[in-house]
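Worksheet: one structure, shown below.
The basis for the numbers below is simple: all heavy atoms, side chains too, and nothing from hydrogens, waters or symmetry mates. Every chain is numbered from 1, with letters handed out A, B, ... down the list of sequences.
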2 protein chains.
Amino acid sequence: MDIDWDDLKTILAVVREGTLGRAAQGLGVNYTTVARRITRAEEALGQKLFERLTEGYRPTDIGLLAARHAEQMEQHQNALMRQLQGRDETLRGPLVITAPQILLNLHLVHVIDRFCTLHPEVDLSVNSANDLVDLGRRRADLAIRVSANPGDALKGLRLCDQHTAAFASPEIARRIAQAPEAATGWIVYDQTKGVPEAALARNRRAFVRARFDDMIAMIGAAQAGLGVVRMPMFIGRGTPGLVQVPVMEPSPYAPIWAVAHADVWPGAKVSAFRALLRAYFREHRRVFAA
Amino acid sequence: MDIDWDDLKTILAVVREGTLGRAAQGLGVNYTTVARRITRAEEALGQKLFERLTEGYRPTDIGLLAARHAEQMEQHQNALMRQLQGRDETLRGPLVITAPQILLNLHLVHVIDRFCTLHPEVDLSVNSANDLVDLGRRRADLAIRVSANPGDALKGLRLCDQHTAAFASPEIARRIAQAPEAATGWIVYDQTKGVPEAALARNRRAFVRARFDDMIAMIGAAQAGLGVVRMPMFIGRGTPGLVQVPVMEPSPYAPIWAVAHADVWPGAKVSAFRALLRAYFREHRRVFAA
DNA sequence: GTCCATGCATGCGTTTTCGCACGCATGATA
DNA sequence: TATCATGCGTGCGAAAACGCATGCATGGAC
């Protein structure tokens, strides 16, 4: 009465994903293999771990219990892999970084370019993601993030402070220059309350023209002349077809950090990338501040 | 860059055992398989995990690091298996018990006999061991132990209190009866200091004739007339060729416990065995006390 | 009602893994 | 020095695991 550790890993994947297919995808095997492993595990334990439904595999109590423990095992496996990586002193092999899309487009591509030239043996993967990537579970080795602090269990290097300001198309900028008191239409981010306080302070008639849930789309909207957008300085300055408009005082914004799990932090590849980041942002820091 | 969980298990086994062969034995596979898995893991990590020496495999720092984490994973796997067992309500499948050799021979065999009759579908394994068996690591499901308390993380049922007394062959008993003041030779357990205090209180001339490190051998020595042996009442009474000799006051001894890991305790098979133990020892408790 | 997408079960041929037998190296022993 | 025990490496045939293709069941869209 014992169970294969890989079968436990498989059970965890199926509990997480809900179907054989998605679990198989995550595990990098065919879904029939997943089905067979589950069956084998059930036979080994003499217990049903899942109910077979048409919409997928639903875990039984016992399946959930097994998954909980498998999760613990996964954490230890992750810890091991992180520590191995942290003591890896070679500049070879895989390295995964993640960063916000816009920051990548406008700046990090240059850092990446240089890194690939300096360290051609590193297999660099770039994960352009706007949501937070789980560094503890090794979805990435190094993350470039815009936030107030690195977060718990993570180490961080503060790369650069930022300001935001208002940007719009040249056409709109001209109209504002001609009639500063006229009502100005804003494009705002979905989650924000409305027109920035700093803008209302200068023009009480500022109003929300539209709400977007995606920053890239907002930039496009600004370029197309839909309205004024508040955005980090580096975006406005780095995007063609946008000019800064003096409808609000530039205000401080969350700084840019390079963060990694403390285990991974000392690794050669992560250190090397960090060094290039530091140099780049030191050189270009004026682009990010008012 | 990821590692197979079963390979981690294999690494742990090799670190523990030192050679491929012994590790393979513990894992229940051929040693060539172990060698292959180690090689595969090293290739996956790009790091050497062991040095190949003629006397076996010696782990590198990285190998030890991996083994440490694998050990953590093993603990979680054990916890899972225990919990599954604890909620198993069937009276089928494997059950492993461990008990001191002598207790098995003289009494537990009857409990086992009855258990096998009542629950023929249980595959009962009996581990006759005098050293403590690790219940946390599932070397046994239920242990019958002679000790003051069950121990941490374990649940216990106090089966019976015990006394010890002095026993010897009839020949020696006759001599003692004839000359109670004569010097009496004792056989004592290796670790004890010498003749029991309670014996010296009655006869100052009692002396150690020999020291043994094994209780079975001491019983044989007593039967053969080598000397007086202090032993639990149930052994002296249950062994042919031995009689109690009044050279010491019977003294309290550690009680007999049925112990199991708290996770396993509620399992049907463990509960059933425990019930029989309780009944048996209640019925025969006078054999164990003075 | 038909069509399609999703997801599982099954059979078959292939790939991978495994166990076994043999050979080699090393160290202890007589 | 000859012999034996222990332990590892390697090649080959067997066994197990795997991927793929096909078929079935269910539920939603038109």
Atom pair distance, as rounded to whole Å: [atom1] in [X] and [atom2] in [N]:
X	N	atom1	atom2	answer
B/Asp6	D/dA17	CG	P	11 Å
A/Glu51	C/dA9	CD	C1'	18 Å
B/Glu42	D/dC8	CD	C1'	14 Å
A/Leu53	D/dA25	CG	C1'	13 Å
A/Ile38	C/dA9	CD1	P	11 Å

Among residues 14-27 of chain B, which ones have heavy-atom contacts with DNA chain C below 4.0 Å?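 Close to the strand, none.
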Which residues pass the side chain to side chain contact (heavy atoms under 4.5 Å, CB included) test with [X], sequence neighbours left out?
X	value
B/Ala224	B/Leu226
B/Ala140	B/Val96, B/Thr98, B/Val133, B/Leu135
B/Leu132	B/Arg145
B/Asp123	none

Nucleotide by nucleotide, nucleotides 14-30 of chain C touches protein heavy atoms under 4.0 Å in the pattern (B base, S sugar-phosphate only, - none) ---SBBBB----S----
Pairs involving residues 15-33 of chain A, ordered by first then second residue, that meet salt bridge (charged side-chain N to carboxylate O under 4.0 Å, His left out) (sequence neighbours left out):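 Output for this query lists A/Arg16-A/Glu71, A/Arg16-A/Glu74.
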>> Listing request: all salt bridge (charged side-chain N to carboxylate O under 4.0 Å, His left out) pairs with a residue in residues 264-273 of chain B, at least two apart in sequence or in separate chains.
In response: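 For residues 264-273 of chain B: B/Asp88-B/Lys269.
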### Query
Among pairs that include at least one residue of residues 5-14 of chain B, which meet side chain to side chain donor-acceptor pair (under 3.5 Å), considering only residues two or more places apart or in two chains?
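Counting only pairs at least two positions apart or across chains, the side chain to side chain donor-acceptor pair (under 3.5 Å) contacts touching residues 5-14 of chain B are B/Asp7-B/Arg40, B/Thr10-B/Arg37.
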Taking atom types as modelled and ignoring hydrogens, do the side chains of A/Arg211 and A/Tyr189 form a donor-acceptor contact shorter than 3.5 angstrom?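 Their side chains do not contain a donor-acceptor pair, so the 3.5 Å distance test is not met.
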